[in-house]
Every structure is written in C-alpha cells, then in structure tokens.
Asker: 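Supplied in structure tokens, the structure appears directly below.
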Amino acid sequence: MNVSLNSNPVINNTSDCLVVPLSSGTLTGALADIDKASKGHINALLKSNDLSNRSGRCTSLFHVPGIKAKRVIVIGTGKNKSLNINQLGALYRHALKEAEKTGAKEVSFYLHEFDAGFRTKKHFHIATQALLNASYQFEKQKSKKAKASNIHKLFFCLTAGGAKAKKEAQAGINSAKALVKGMNVCKDLANFSGNVCTPEYLAEEAKKMAGAKVNVKVIDEKSFARMGMGAFLSVAKGSAQSAKLITISYQGGKKDEKPHVLIGKGVTFDSGGISLKPGAAMDEMKFDMCGAASVMGTMTAIIAAKLPLNVIGIIAATENMPSSTASKPGDIVTSMAGLTIEVLNTDAEGRLVLCDALTYAEQFKPASVIDIATLTGACVVALGSHASALYSNNDKLAEKIQAAGLASWDRVWPMPLWPEYNEQLKSRFADLANIGGPKAGSITAACFLSNFTKKYHWAHLDIAGTAWNGPGPSKGATGRPVPLLVEYLSSLAK
C-alpha cells in the first residue's frame with residue numbers, strides 16, 4: 001500500500017472511501033462539513049442512533065448526499081481524548097478493515113482531526129505504522145497466494161495547520177515507512193522455515209545491505225577456534241550448517257564517534273542439542289533467531305532513515321543440533337574472554353553464543369551495547385507477551401531504553417541483576433555453569449552474560465515472550481523489538 005499526504009477538503013474528495021471520526025454528539029471538522037453538504041443527513045443518523053461514537057465502531061454510509069466519494073466510514077473514537085499508541089493504532093486498523101470490505105481502491109483518512117493527545121508528527125507516524133503493519137502477509141513459501149488487498153492508496157488529508165503541520169506530518173509518515181521496512185525484514189527472516197533461513201542465508205542477506213555507509217563482514221566457523229570463541233563453537237559443532245559471525249557497520253555519524261552496538265542471538269533452529277527439547281511446538285524453534293532478525297531489521301530501518309549515528313550490528317548465527325559431534329552435558333569449554341564454562345544443559349545455548357559475541361564487541365570501544373535474544377522460557381512465565389525483560393549494568397542506559405519502550409509502545413520491564421543470583425552459576429569444575437537451576441531462570445541467564453560485559457555499558461533484552469505469537473491464526477513473528485531499538489537510537493541521534 002502506498003501512504004501519502006494531501007490537502008483535499010472532504011466535500012471535493014473523490015476517493016472511493018473517506019474515513020472520518022465521531023467522538024461526541026457535537027459534529028466538528030470533516031464530519032460537520034459532510035453534514036452541511038448533505039443538509040443534515042449526519043445529524044439525522046445521530047438522532048436515530050444509527051451512528052455510534054463507541055471506540056472502534058465503524059458505520060459505512062453509501063452515496064451520502066452532496067459528497068463526491070462513493071462511501072463514508074464514520075468511526076467512533078470514544079470519549080477519551082488521550083489515547084495510548086496502541087489504542088490510536090487500533091482505530092486506524094479498524095477503519096482499514098472496514099474499508100477493505102467495501103472493495104475500495106483508494107481510502108482517504110480525516111481521523112487525525114480527532115485530538116488524541118499526540119503531536120502532528122507522532123500521530124502520523126503511529127497511523128502509518130499501524131496501517132502498513134496491518135497489511136503485512138508472509139506467503140513467500142506458499143504455492144498459492146491469498147487474494148491481494150484491493151486497497152492500493154491511502155491518503156492522510158491534512159486541510160489545516162499550514163506548511164509547518166504538513167512538514168511534520170510528512171516527517172512522521174517517512175519515519176514510520178523506514179521503521180516498517182525494518183519490521184518487515186525482521187518478520188520475514190523469522191517466519192522463514194529453518195531449512196531456508198540458515199546461518200548462511202542470514203550472512204547472504206546481510207551482504208545485500210552493504211553500501212556507501214555500510215560495511216558487512218562475515219566470519220566463518222573455521223576462524224572461531226583461532227579467535228578463542230570456544231563457547232560459540234561448542235554450540236555450532238553439532239550442526240552440519242557452518243556458523244557465522246556477521247558484522248554490519250553503519251557509519252551515519254562522525255568518524256570519531258563511538259558506535260552503539262546491537263548483538264542478536266541467531267540460533268536459526270534450536271533442537272536443544274543433546275538436551276533435546278520436547279517434540280510439541282518444536283517447530284517454533286525456528287523463531288530462536290528473532291534476536292538476529294531484530295538486529296537486521298533495526299539496521300535496515302536506521303539506514304533507510306539515514307540516522308546520523310554510528311551503529312554496529314553483530315549477529316551470532318548457528319543451529320543447535322544433536323549429533324555425534326555435539327557438545328554433551330558436563331563438557332567444559334573456554335570462552336573468548338578466557339572464562340571456562342561447564343555446559344550442564346546444551347539447551348541453554350543462547351548464552352554460550354552471546355558471551356563470545358559480547359567479548360568480540362569490545363574491540364569497537366562501544367558507547368553502549370544491547371544484546372537481544374529469545375533467551376529463556378522463564379521470561380515468558382514472568383512477563384507473558386506484553387513486555388520484554390530488561391537487564392542492564394548501567395542505570396542511565398536502562399532508563400533510556402525504558403523511555404524508548406514507552407514512546408514506541410514496544411515496552412520493557414526492568415529486572416534485577418543482583419550479585420546474589422550469581423551464586424547459582426557457581427561450578428565445581430569450571431569458572432561458571434551455563435545454568436543456575438530452576439529458580440529465576442531469566443535472571444540467572446542475564447547474570448551469566450553480565451560476566452562478559454565489564455568493559456562497557458550494556459543492556460540485555462530477553463524477547464522470548466514478545467518476538468513471536470504462538471499457535472493459532474496469528475502465529476508468526478511480531479517484528480519486536482525493532483520499534484523499541486529504532487526509537488532508542490533515534491533518541492540518541494537527536
């Protein structure tokens with residue numbers, strides 16, 4: 001769908017379908033203009049209770065007198081003048097769904113006339129993001145495609161506010177388009193089956209991002225031993241697929257500015273290894289690379305937005321498979337940092353992959369490092385699917401990420417990194433154990449990673465509950481936490 005801005009008055013608009021808001025019994029803006037042109041038709045419908053201002057309630061009117069458009073959709077916005085981002089986005093999604101039913105090819109929105117408490121730029125960013133996300137489908141591996149949407153063009157009709165308002169609105173549309181481009185990359189990579197989206201596939205997709213300000217480097221598994229990445233290698237060696245360490249460097253800021261580093265867990269299929277997972281829902285373990293997918297998506301979005309910042313994306317990609325060469329419970333491996341690790345459970349592999357990537361990031365002298373991983377089922381038990389878990393060794397960094405989560409409605413919840421939890425990671429035979437027992441599983445996983453982040457400001461996002469939707473018709477990647485990461489980086493650029 002193409003989203004654009006124009007200034008067509010509602011009376012002269014010839015789109016197939018117009019969307020106008022109804023927030024109370026008092027008619028204002030476009031709806032008042034329609035009522036005047038139709039000689040009281042809207043007021044008559046209100047009096048007969050044929051229109052409702054209930055939030056999200058749509059009423060489709062055909063051939064309204066005095067209006068050139070074929071159809072007008074009146075959508076209720078409720079009595080609340082201060083909506084959150086999700087509620088405002090939901091209004092646009094409801095309206096789009098109703099417009100789809102009409103067979104319209106062009107839809108014009110006047111919904112911004114409802115004051116939801118957002119600035120012009122923010123409103124149009126939320127609206128564009130909601131509409132474009134609603135049109136996402138993943139059918140790349142189907143022989144028969146679903147019928148494409150009949151809607152090709154979406155217009156926001158801004159008839160007041162002058163040049164400044166239009167400039168802000170266009171900026172909101174542009175920023176949302178860049179974000180959704182990144183979210184779609186994230187969703188596509190995660191939704192592909194594990195036999196397609198392999199470590200090699202991720203590497204090849206990353207190489208396509210190379211350009212004037214973007215450099216891509218891929219390190220093969222053969223180099224891991226030389227580099228001392230024994231933890232990462234211990235996970236990779238059970239698979240016939242060669243692991244990859246992918247670095248995407250974006251130079252959008254000044255040459256001497258320290259980069260901000262994003263590290264994504266890219267386990268393209270997680271069988272659990274020798275500590276084999278139960279068979280039920282194991283197909284969903286193709287989503288265990290959503291951390292990597294979110295880094296790819298975020299890098300795509302900030303490159304498209306030309307963000308004036310230096311950002312490095314690191315993707316640690318491998319499979320975790322059972323085989324005669326796979327690591328065994330009780331094996332001891334040496335990490336790139338020199339710490340030895342007793343592998344008590346091979347299904348706690350994400351932290352083994354990430355710890356070497358975190359050490360690898362030291363060479364860039366980063367301003368900040370955020371790792372993103374579908375790390376623990378314990379996180380899902382604790383927070384469900386509404387918030388990602390946030391851990392950090394720096395309070396200011398954590399506060400910025402929390403603020404970005406609220407601003408993007410891609411929320412996080414702060415979790416403790418108290419030294420007492422590290423007691424659970426003690427090993428009799430090595431410096432660390434890779435699991436801390438059944439208690440506080442998400443916390444002890446983060447504590448394990450914190451041992452490899454002493455040289456920089458670091459945050460860990462456990463996205464196990466937010467990266468994808470489970471069984472059912474909505475099954476698939478959500479694109480989170482790309483909105484959070486893009487908002488965080490954009491706030492730094494400002």
Side-chain angles (χ1 to χ4, degrees), residues 186 190 202 229 231-232 235 243-249 259-268 270 287-299 311-318 335-337 339 341 348-376 378-379 387-394 397-398 400-402 404-405 410 412-415 417 432 434 441-467 480-482 484-486 488-489:
C186 177
L202 286 177
M229 292 186 167
F232 191 172
V235 179
K244 308 289 181 186
L245 185 67
I246 306 160
T247 305
I248 307 166
S249 301
H260 296 272
V261 175
L262 307 176
I263 300 176
K265 173 189 172 185
V267 178
T268 57
D270 181 18
F287 294 120
D288 210 24
M289 45 67 68
C290 280
S294 70
V295 171
M296 294 272 282
T298 301
M299 297 302 292
V311 184
I312 295 174
I314 299 173
I315 293 163
T318 184
S335 67
M336 190 179 184
L339 293 173
I341 303 164
E349 86 297 333
R351 64 203 73 181
L352 298 175
V353 169
L354 287 173
C355 72
D356 280 348
L358 287 164
T359 303
Y360 178 78
E362 290 177 6
Q363 65 184 289
F364 301 111
K365 297 180 173 54
S368 69
V369 175
I370 302 174
D371 78 71
I372 309 101
T374 50
L375 205 63
T376 64
C379 180
S388 300
L390 168 65
Y391 300 86
S392 182
N393 63 9
N394 182 268
L397 174 59
K400 289 177 182 177
I401 294 172
Q402 282 183 269
D410 188 358
V412 298
W413 191 253
M415 302 283 276
L417 271 178
L432 289 168
N434 79 322
S442 179
I443 298 173
T444 55
C447 286
F448 177 92
L449 295 177
S450 71
N451 287 280
F452 303 87
T453 64
K454 307 294 186 183
K455 296 183 179 180
Y456 46 69
H457 294 163
W458 159 79
H460 162 61
L461 296 176
D462 192 335
I463 60 170
T466 57
R480 295 177 67 184
V482 175
L484 162 67
L485 295 171
V486 171
Y488 165 71
L489 293 170

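The figures that follow rest on heavy atoms only: side chains count, while hydrogens, waters and symmetry mates do not. Along the sequence shown, residues are numbered consecutively beginning with 1.
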Asker: Test of understanding: with side chain to side chain donor-acceptor pair (under 3.5 Å), list the residues that count as partners of T466, not counting sequence neighbours.
Answerer: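 Side chain to side chain donor-acceptor pair (under 3.5 Å) list for T466, sorted by chain: S388.
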
Asker: Locate the shortest heavy-atom distance separating A316 from V353; write the atom from each residue and the value.
Answerer: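 In this case the closest contact between A316 and V353 is CB-CG1, 3.2 Å.
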
Asker: Rounded to the nearest 0.5 Å, how far apart are CG of L390 and CE of M415?
Answerer: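 Between atom CG of L390 and atom CE of M415 there are 10.0 Å.
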
Asker: For Y360 and M229, run side chain to side chain contact (heavy atoms under 4.5 Å, CB included): C-alpha distance rounded to whole Å, both residues' side-chain angles, the deciding distance at 0.1 Å, then the answer.
Answerer: CA-CA 9 Å; Y360 178 78; M229 292 186 167; 3.8 Å; yes

Asker: How long is the straight-line distance from CG of L202 back to NZ of K244, given to the nearest 0.5 Å?
Answerer: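 So the gap between those two atoms works out to 11.0 Å.
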
Asker: Who are the side-chain contact (heavy atoms from CB on, under 4.5 Å) partners of A367, not counting sequence neighbours?
Answerer: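 For A367 the side-chain contact (heavy atoms from CB on, under 4.5 Å) partners, ignoring immediate neighbours, are K258, H260.
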
Asker: Would you sort out whether C447 and I443 count as a side chain to side chain contact (heavy atoms under 4.5 Å, CB included), showing the intermediate values?
Answerer: CA-CA 6 Å; C447 286; I443 298 173; 4.1 Å; yes

Asker: Between atom CG of L262 and atom CD1 of I372, what is the distance when rounded to the nearest 0.5 Å?
Answerer: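 The CD1 atom of I372 is 5.0 Å from CG of L262, to the nearest 0.5 Å.
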
Asker: Who pairs with K365 by salt bridge (Lys or Arg N to Asp or Glu O under 4.0 Å), at least two apart in sequence or on another chain?
Answerer: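 None.
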
Asker: May I ask you to test the T359-E362 pair for a side-chain heavy-atom distance under 4.5 Å?
Answerer: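 The answer is yes; the side chains approach within 4.5 Å.
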
Asker: Flag the pair V295 / I314 as yes when at least one side-chain heavy-atom distance between them is below 4.5 Å, and no otherwise.
Answerer: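 V295 vs I314: side chains apart.
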
Asker: For a quick test of reading the model, state the closest non-hydrogen atom pair linking S335 to I341 and the distance between them.
Answerer: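 Of all heavy-atom pairs spanning S335 and I341, the closest is CB-CD1, 4.1 Å.
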
Asker: Just to verify, what does F452 make a ring-ring contact (aromatic ring centres under 6.0 Å, His included) with, not counting sequence neighbours?
Answerer: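 Per chain and number, F452 pairs via ring-ring contact (aromatic ring centres under 6.0 Å, His included) with F448.
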
Asker: For residues T444 and G441, report the shortest heavy-atom separation together with the two atoms involved.
Answerer: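 The answer is OG1-O, 3.2 Å.
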
Asker: Quick one: closest heavy-atom pair of S368 and L397, and the distance?
Answerer: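 Shortest heavy-atom contact: CB-CD1, 4.2 Å.
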
Asker: If you measure from NZ on K400 to CG on L489, what distance do you get to the nearest 0.5 Å?
Answerer: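 Reported value, rounded in 0.5 Å steps: 11.0 Å.
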
Asker: Does the D462 side chain pair with the main chain of A389, one donor and one acceptor, at a distance under 3.5 Å?
Answerer: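 Flag not set: sc D462 to bb A389 has no pair under 3.5 Å.
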
Asker: What distance do L432 atom CG and N451 atom CG have between them, rounded to the nearest 0.5 Å?
Answerer: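 One gets 4.5 Å once the value is rounded to the nearest 0.5 Å.
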
Asker: Walk me through whether V267 and E349 qualify under side chain to side chain contact (heavy atoms under 4.5 Å, CB included).
Answerer: CA-CA 9 Å; V267 178; E349 86 297 333; 3.7 Å; yes

Asker: Please enumerate all residues that pass side-chain contact (heavy atoms from CB on, under 4.5 Å) together with A446, with sequence neighbours excluded.
Answerer: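 Scan of A446 (side-chain contact (heavy atoms from CB on, under 4.5 Å), adjacent residues dropped) gives Y391, L417, H460.
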
Asker: Check side chain to side chain donor-acceptor pair (under 3.5 Å) between S392 and all other residues, then give those that pass, not counting sequence neighbours.
Answerer: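 Once residues adjacent in sequence are excluded, S392 has no partner under the side chain to side chain donor-acceptor pair (under 3.5 Å) criterion.
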
Asker: Look at the side chain of D371 and the backbone N and O of G291, then say whether any donor-acceptor pair between them is shorter than 3.5 Å.
Answerer: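 Such a contact is absent between D371 side chain and G291 backbone.
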
Asker: Report the C-alpha separation of L485 and L461 in whole Å, then their side-chain angles, then the decisive distance to 0.1 Å, and conclude whether the side chain to side chain contact (heavy atoms under 4.5 Å, CB included) test is met.
Answerer: CA-CA 10 Å; L485 295 171; L461 296 176; 4.1 Å; yes

Asker: Not counting sequence neighbours, which residues clear salt bridge (Lys or Arg N to Asp or Glu O under 4.0 Å) with R480? List them please.
Answerer: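 Expected list: D410.
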
Asker: Test your reading of the model: is there a side-chain donor-acceptor pair from K265 to the backbone of T374, 3.5 Å cut-off?
Answerer: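 Answer holds: yes.
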
Asker: Measure the spacing between CE of M289 and SG of C186 and express it to the nearest 0.5 Å.
Answerer: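 Atom-to-atom, M289:CE and C186:SG are 7.5 Å apart.
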
Asker: Considering all heavy atoms of both residues, which atom of G405 and which atom of L484 are nearest to each other, and what is their separation?
Answerer: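 Closest approach of G405 to L484, heavy atoms only: N-CD1, 3.3 Å.
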
Asker: Among L449, L358, I370, I312, which residue meets the side chain to side chain contact (heavy atoms under 4.5 Å, CB included) test with I263?
Answerer: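 Going through the options one by one, the only one that passes is L358.
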
Asker: T318: which residues meet the side chain to side chain donor-acceptor pair (under 3.5 Å) condition with it, sequence neighbours left out?
Answerer: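 With sequence neighbours excluded, T318 shows a side chain to side chain donor-acceptor pair (under 3.5 Å) to no residue whatsoever.
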
Asker: Go through the structure and list residues passing salt bridge (Lys or Arg N to Asp or Glu O under 4.0 Å) with D356, not counting sequence neighbours.
Answerer: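 Residues passing salt bridge (Lys or Arg N to Asp or Glu O under 4.0 Å) with D356: none at all.
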
Asker: Quick one: closest heavy-atom pair of I315 and A292, and the distance?
Answerer: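 Nearest pair, atom of I315 first, then A292: CG2-CB, 3.5 Å.
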
